[in-house]
Undergrad: 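To start, I am sharing the structure in question, which I have written as structure tokens.
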There are 2 protein chains.
Amino acid sequence: MKQQEVFKAMADPTRRAILKRLQGGALTAGEIGAAFDITPASLSHHFAVLKQADLVRTERRGQFIVYSLNSTVFEDLARMLMDLFPSKGNVGGKK
Amino acid sequence: MKQQEVFKAMADPTRRAILKRLQGGALTAGEIGAAFDITPASLSHHFAVLKQADLVRTERRGQFIVYSLNSTVFEDLARMLMDLFPSKGNVGGKK
DNA sequence: TAGATAATTAGATATTTTTCTAAATATTGC
DNA sequence: GCAATATTTAGAAAAATATCTAATTATCTA
């Protein structure tokens, strides 16, 4: 996992909202964008950041581009956080 | 949990390294800073961001200020991530 | 093939963040 | 109280990020 990319991607509220919208299933860029008061160009930038972090997957369907969550990266991130704080049986974190 | 503050705090590699150093137990600002090629002032700024996010706690001990992890926020964050991605029994996420 | 629609890329600007130096505050020990 | 040490705060400069408009690419349909 590209740790830096993932954390950077998660740091923006618009991007977190995008991810939230994708919880219900895949959506086109336009469908996602409809919920935000932002230009398609800016939205596209956010998509690029999310893709860079491998948090979303894309697939062209004709004219549209369909975005969907890549759950495995969320799982990795959650696991990483767990490793980051000390707890019973895990004082120094793992290598 | 102040979601935005926490994610923003985690987005910087220096701050993540600071948190990592605190895994082994509480340290003074100076002890932490020794590992980074950065001025005390910049470091202090990072501490402020981490404190803002409630990821660390501080306690003055004489001349020194001792920093320690606030594990509960890590747990909250991990939980939040878990909620963010869909899985069996959790399709829409919770309110 | 031309026009319409969906989305991205390019380039510019505004905002935010990181970092620095210098000055200020808090505490210790003489 | 004064000098030394630890840390923070203030203010400025540099770097990164988010956003916009305009132009481009890809696809569909008539």
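Keep in mind the model is a prediction, meaning the values are calculated, not measured. In the text below, chain A, chain B and the rest are named by the order of the sequence lines, each starting its count at 1.
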Undergrad: Is it the case that one hydrophobic cluster holds both A/F36 and A/L50, taking links as side-chain heavy atoms less than 4.5 Å apart, direct or via other members?
TA: yes
Undergrad: Looking only at the side chain of B/D12 (C-beta and beyond, no hydrogens), which of the listed nucleotides C/dT21, C/dT18, D/dC20 gets closest?
TA: C/dT18
Undergrad: Counting heavy atoms from C-beta on, name the nucleotide in C/dT27, C/dT9, D/dT8 closest to the side chain of B/R60.
TA: C/dT27
Undergrad: Write down the distance between NZ (A/K8) and C1' (C/dT16), rounded to a whole number of angstrom.
TA: 14 Å
Undergrad: Closest nucleotide of DNA chain D for B/I65 versus for A/F64: which of these residues is on the 5' side?
TA: B/I65
Undergrad: Closest to the B/I38 side chain: C/dT19, C/dT8, D/dA18?
TA: C/dT19
Undergrad: With a 3.5 Å cut-off and just heavy-atom distances, do the side chain of A/Q63 and the base of C/dT5 make a donor-acceptor pair?
TA: yes
Undergrad: Is the phosphate of C/dT17 approached by B/H46 (side-chain N or O, under 4.0 Å from OP1 or OP2)?
TA: no
Undergrad: As a test of reading the structure: which of D/dC20, C/dA7, D/dT7 is closest to the side chain of A/T28, going by heavy atoms?
TA: C/dA7
Undergrad: Using whole Å, what does the distance between atom C1' of nucleotide D/dT17 and atom CZ of A/F7 come to?
TA: 19 Å
Undergrad: The side chain of A/H45 lies closest to which of these nucleotides: D/dT19, C/dT27, C/dT5?
TA: D/dT19
Undergrad: May I ask you to say what B/L43 touches in the nucleic acid, namely base, sugar-phosphate or nothing, with a heavy-atom cut-off under 4.0 Å?
TA: nothing
Undergrad: If I take atom CD in residue A/Q4 and atom P in nucleotide C/dT18, what distance separates them, rounded to the nearest angstrom?
TA: 10 Å
Undergrad: Using side-chain heavy atoms (C-beta onward) and a distance below 4.5 Å, is A/L55 in contact with A/F74?
TA: yes
Undergrad: Starting the side chain at C-beta, find the nucleotide from D/dT17, D/dT7, D/dA18 nearest to B/Y67.
TA: D/dT7
Undergrad: Is B/T39 close enough to C/dC20 that one of its side-chain N or O atoms is under 4.0 Å from OP1 or OP2 there?
TA: yes
Undergrad: Calculate the interatomic distance between A/F47 atom CZ and D/dT17 atom C1'; express it in whole Å.
TA: 18 Å
Undergrad: Provide the closest heavy-atom pair for B/F7 versus B/L77 in the form atom of the first, atom of the second, distance.
TA: CZ-CD1, 3.7 Å
Undergrad: Compare all side-chain heavy atoms of A/E5 with those of A/D54 and state whether any distance is below 4.5 angstrom.
TA: no
Undergrad: Give B/R61 one of three labels, base, sugar-phosphate or nothing, depending on what nucleic acid heavy atoms sit under 4.0 Å from its own.
TA: nothing
Undergrad: In whole angstrom, give the distance that lies between atom CD1 of A/I32 and atom P of C/dA6.
TA: 14 Å
Undergrad: Report which part of the nucleic acid A/A41 touches: base, sugar-phosphate, or nothing (heavy-atom distance under 4.0 Å, all strands).
TA: base
Undergrad: Looking at D/dT19, D/dT8, C/dT8, which one has an atom nearest to any side-chain atom of A/T14?
TA: D/dT19
Undergrad: Measure from the side chain of A/S42, starting at C-beta and using heavy atoms only, and say which of D/dC20, D/dA6, D/dA26 lies closest.
TA: D/dC20
Undergrad: Whole-Å distance between C/dT17 P and B/E5 CD?
TA: 10 Å
Undergrad: Rounded to the Å, how far apart are A/E59 CD and D/dA26 P?
TA: 18 Å
Undergrad: Can any side-chain N or O of A/R15 pair as donor or acceptor with the backbone N or O of A/K8 at less than 3.5 Å?
TA: yes
Undergrad: Output yes when a side-chain donor or acceptor of B/Q4 lies under 3.5 Å from a complementary backbone atom of A/A11, and no otherwise.
TA: yes
Undergrad: Measure from CD on A/Q52 to P on D/dT17 and round the result to the nearest Å.
TA: 11 Å
